[in-house]
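Keep in mind the model is a prediction, meaning the values are calculated, not measured.
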Amino acid sequence: MSFVQFRMARAGLALTVKQMALLTGVSHDTITRLEKGEQLKPSTVQAIKGKLENVGVQFIGDAGVIYDPTCGSGPFLYKLAQVLEDSKNP
């Protein structure tokens with residue numbers, strides 16, 4: 001997973017850096033470092049990639065990303081995003 005793919009995945013999921021950190025179980029700083037293309041431990045990158053794949057993100061080669069909300073826990077994430085959005089607009 002390249003840093004560009006990661007940025008595309010976060011944009012596709014419409015998550016903030018903080019939300020992505022919560023989803024993937026890493027710190028805000030780790031997300032920021034990854035998006036800047038800084039070197040992270042391979043095990044950290046693999047863990048983040050695995051969490052994203054579990055919610056329906058599919059990585060294609062070294063450049064592409066597809067998000068299928070019907071895969072993995074994607075439907076849960078979609079519902080969670082709706083609840084969070086609704087809570088902003090009471």
Side-chain angles (χ1 to χ4, degrees):
M1 173 182 72
S2 71
F3 77 94
V4 173
Q5 286 176 301
F6 178 76
R7 290 170 68 183
M8 288 190 303
R10 184 168 75 81
L13 293 169
L15 296 175
T16 65
V17 172
K18 183 177 179 179
Q19 290 167 332
M20 183 62 92
L22 290 170
L23 173 68
T24 58
V26 299
S27 72
H28 178 279
D29 290 339
T30 299
I31 298 298
T32 301
R33 289 177 46 225
L34 179 57
E35 288 195 345
K36 289 181 180 178
E38 294 180 17
Q39 190 69 32
L40 300 178
K41 292 181 191 175
S43 60
T44 301
V45 174
Q46 280 303 110
I48 292 169
K49 182 180 179 188
K51 297 278 179 132
L52 292 173
E53 289 172 334
N54 285 342
V55 297
V57 175
Q58 299 172 32
F59 296 92
I60 302 169
D62 292 331
V65 174
I66 294 174
Y67 173 58
D68 182 354
T70 64
C71 292
S73 58
F76 168 77
L77 183 63
Y78 180 74
K79 181 65 176 169
L80 177 61
Q82 286 181 317
V83 170
L84 290 172
E85 187 62 31
D86 291 345
S87 70
K88 288 187 214 175
N89 305 312

By side chain to side chain contact (heavy atoms under 4.5 Å, CB included) - contacts of Met8 (at least two apart): Val4, Gln5, Val65
Taking everything shown except Gln39 itself, do over 12 heavy atoms lie less than 6.0 Å from its CD? no
Should Lys36 and Phe3 count as side-chain neighbours, where that means a heavy-atom distance under 4.5 Å? no
Can Glu35 and Phe6 be said to form a side chain to side chain contact (heavy atoms under 4.5 Å, CB included), step by step? CA-CA 7 Å; Glu35 288 195 345; Phe6 178 76; 3.5 Å; yes
Applying side chain to side chain contact (heavy atoms under 4.5 Å, CB included), run through Arg10 and Val17 and close with a yes or a no. CA-CA 8 Å; Arg10 184 168 75 81; Val17 172; 3.6 Å; yes
I'd like to know whether CZ of Arg7 has more than 12 heavy-atom contacts from other residues, nucleotides or ligands below 6.0 angstrom. no
Which residues pass the side chain to side chain contact (heavy atoms under 4.5 Å, CB included) test with Lys41, not counting sequence neighbours? Ser43, Thr44
Under 3.5 Å donor-acceptor pairs involving side-chain atoms of residues 21-32, not counting sequence neighbours:
| residue | atom | partner | partner atom | Å |
| --- | --- | --- | --- | --- |
| Thr24 | OG1 | Met20 | O | 2.8 |
| Ser27 | OG | Asp29 | N | 3.4 |
| Ser27 | OG | Thr30 | N | 3.0 |
| Ser27 | OG | Thr30 | OG1 | 2.9 |
| Thr32 | OG1 | His28 | O | 3.1 |

